[in-house]
Amino acid sequence: MVERLKARGLVGEMAAEFAGTFILIMFGCGVVAQVAAAGIGDHDSIAWAWGLGVILGVYVASRVSGGHINPAVTVALAVFRDFPWRKVGPYALAQTAGAFVAALLVRWNYSEVLASVDPGHTIETQGVFSTLPGNGVLPISDLGAFRDQIIGTAILLFLVVAITDLRNLAPPPFLAPVVVGFVVVGIGMAWGSAAGYAINPARDFGPRLASYLTGYGTAWLDQHGHPYFWVPIAGPLIGGIIGVGAYRLLIARFLPPPEPPLEPAPVPAAAARNA
């Protein structure tokens with residue numbers, strides 16, 4: 001019975017991670033499609049929409065699964081024993097599946113616009129779904145993008161664990177997703193040039209697979225023809241571990257221990273007898 005309840009609980013957590021990541025990609029890939037294919041908006045609207053996608057995705061999933069919506073978060077927390085390793089694979093699978101299905105929906109909805117702007121479905125609009133070094137136009141090497149993904153995800157995880165650490169100056173739980181969303185907006189505005197700030201393996205691989213299956217034959221490559229899909233997977237996984245480790249080293253070990261819960265006031269004997 002206990003194992004059955006655990007299995008049902010894990011199914012619910014996977015469903016929440018699927019739904020939260022689905023929401024993230026609906027806003028994220030949707031806004032890039034609107035800017036790149038329809039010419040509506042700019043880099044700032046992309047940064048804000050990705051941040052809003054994070055906020056809303058975390059709100060959707062947080063009470064059931066914790067609202068990771070990012071394998072880099074899940075793996076980093078497992079490395080530091082805050083999350084069970086047995087759930088890492090199922091979480092990552094659910095996150096990637098949510099991103100994949102959402103990207104298919106974006107691809108379908110924007111199919112006419114994408115075909116009008118880029119009938120061959122080339123590198124010109126590939127960035128709607130997946131990232132590229134230098135956003136496909138700047139002279140950034142794959143190793144430069146790999147470096148960027150490590151640093152950007154380290155920043156993300158360092159701040160996520162700081163925001164959610166109840167021993168620190170944490171916001172109220174219902175506001176934590178908003179603050180995390182602002183972190184993503186900030187990363188997009190400050191760290192988006194070298195690699196498109198995927199900072200999330202599921203966010204990149206799921207839509208990349210969706211684009212490949214729907215006509216983007218070069219989806220696994222960068223603009224130079226090099227295999228690139230591994231960069232926004234490996235970089236964030238490494239960077240997330242570094243970010244959590246840096247927070248533990250620099251901040252967490254110096255914080256006071258959590259305060260014990262308040263004890264209920266003792267009931268006077270006379271009141272207890274009259275109850």
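These numbers were taken from a predicted model, which means no experiment stands behind them.
- In Leu249, the CG atom is crowded: over 12 heavy atoms of neighbouring residues, nucleotides or ligands sit closer than 6.0 Å.
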Exercise for review: Kindly indicate, with the supporting measurements, whether the criterion ring-ring contact (aromatic ring centres under 6.0 Å, His included) is fulfilled by Tyr212 and Trp220.
Suggested key: CA-CA 8 Å; Tyr212 175 74; Trp220 308 111; 5.5 Å; yes
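- Nearest heavy atom pair, residue Val128 against residue Ala36, reads CG2-CB, 4.0 Å.
- Taking all atoms of both residues into account, the shortest heavy-atom contact from Ala145 to Ala194 is CB-O, 4.0 Å.
- Here the CD1-CD1 distance, from Ile187 to Ile151, works out to 11.5 Å after rounding to the nearest 0.5 Å.
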Exercise for review: Start with the C-alpha gap between Leu10 and Lys87, add the side-chain angles, then the distance that decides, and say whether side chain to side chain contact (heavy atoms under 4.5 Å, CB included) holds.
Suggested key: CA-CA 8 Å; Leu10 181 58; Lys87 293 184 178 182; 3.9 Å; yes
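- In plain terms, the two heavy atoms of Val60 and Gly20 that are nearest each other are CG1-N, 4.1 Å.
- Between the side chains of Tyr216 and Thr122, no donor-acceptor pair of N or O atoms lies under 3.5 Å.
- Across all their heavy atoms, Leu175 and Tyr59 have their closest contact at CA-OH, 4.2 Å.
- Leu93 and Phe100 are members of different hydrophobic clusters when ILVMFWY side chains are connected at heavy-atom separations under 4.5 Å.
- Leu104 CG to Ile25 CD1: the interatomic distance, rounded to the nearest 0.5 Å, is 11.5 Å.
- Between the side chain of Ser111 and the backbone N or O of Trp108 there is at least one donor-acceptor pair closer than 3.5 Å.
- Counting only N and O atoms by type, the side chains of Tyr197 and Asp148 include no donor and acceptor under 3.5 Å apart.
- Contact check for Val79 versus Trp85: side-chain heavy atoms found under the 4.5 Å cut-off.
- Counting heavy atoms from C-beta on, the side chains of Asp42 and Ile46 never come closer than 4.5 Å.
- Smallest separation of non-hydrogen atoms from Pro207 and Ala103: CA-CB, 3.5 Å.
- Note: Asn70 CG to Leu77 CG = 10.0 Å, rounded to the nearest 0.5 Å.
- Ring geometry for Phe18 against Phe22 counts as parallel: the plane angle stays under 30°, on a 0 to 90° scale with 60° as the upper cut.
- At least one side-chain heavy atom of Arg208 sits under 4.5 Å from a side-chain heavy atom of Tyr228.
- Note on Ile69 and Val88: same hydrophobic cluster, where clusters join Ile, Leu, Val, Met, Phe, Trp and Tyr whose side-chain heavy atoms are under 4.5 Å apart, directly or indirectly.
- Counted by atom type alone, Ser65 and Glu17 present one or more donor-acceptor pairs between their side chains at under 3.5 Å.
- Taken to the nearest 0.5 Å, the CG atom of Leu156 stands 13.0 Å off from the CH2 atom of Trp191.
- Side-chain N/O atoms of Thr74 and Gln95 include a donor and acceptor closer than 3.5 Å.
- Distance CZ/Phe158 to CD1/Ile242: 13.0 Å, rounded to 0.5 Å.
- Under a 3.5 Å cut-off, the side chain of Arg107 and the backbone N or O of Thr214 do form a donor-acceptor pair.
- For the pair Leu56/Phe27, a side-chain contact is recorded, criterion being any heavy-atom separation below 4.5 Å from C-beta on.
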Review point. What's the verdict on ring-ring contact (aromatic ring centres under 6.0 Å, His included) for Tyr91 and Phe83, showing C-alpha distance, side-chain angles and the deciding distance?
Key: CA-CA 11 Å; Tyr91 266 52; Phe83 188 77; 4.8 Å; yes
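- The environment of OH in Tyr247 is crowded: more than 12 heavy-atom neighbours from other residues, nucleotides or ligands sit within 6.0 Å.
- Neither side chain, Gln126 nor Ser211, offers a donor N or O lying under 3.5 Å from an acceptor on the other.
- Within the 4.5 Å cutoff, side-chain heavy atoms of Phe182 are placed close to those of Trp48.
- Scanning both residues, Asp44 and Met189, for their nearest heavy atoms gives OD1-CE, 4.1 Å.
- Considering CD of Gln223 and CD1 of Ile140, their distance stands at 9.5 Å, rounded to 0.5 Å.
- When only modelled atom types and interatomic distance are considered, Thr131 and Asp204 share a side-chain donor-acceptor pair under 3.5 Å.
- At least one side-chain heavy atom of Val106 sits under 4.5 Å from a side-chain heavy atom of Phe129.
- Two residues are said to be in side-chain contact when any heavy atoms from C-beta on lie closer than 4.5 Å; Val35 and Ile40 fail this criterion.
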Practice item. May I have the step-by-step check of salt bridge (charged side-chain N to carboxylate O under 4.0 Å, His left out) for Arg248 and Asp165, ending in yes or no? Key: CA-CA 11 Å; Arg248 294 286 183 94; Asp165 189 345; over 6 Å; no
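- Taking 4.5 Å as the limit, every side-chain heavy atom of Val160 sits out of range of all side-chain heavy atoms of Val183.
- Looking at Asp82, its side chain never comes within 3.5 Å of a backbone N or O of Ala76 through a donor-acceptor pair.
- Proximity of a side-chain donor or acceptor of Asn200 to a complementary backbone N or O of Ala202 within less than 3.5 Å is detected.
- Residues Leu157 and Ile55 fall into different hydrophobic clusters, defined by Ile, Leu, Val, Met, Phe, Trp and Tyr side chains chained together at heavy-atom separations under 4.5 Å.
- Checked by atom type and distance alone, the side chain of Thr218 never pairs as donor or acceptor with a backbone atom of Leu221 at under 3.5 Å.
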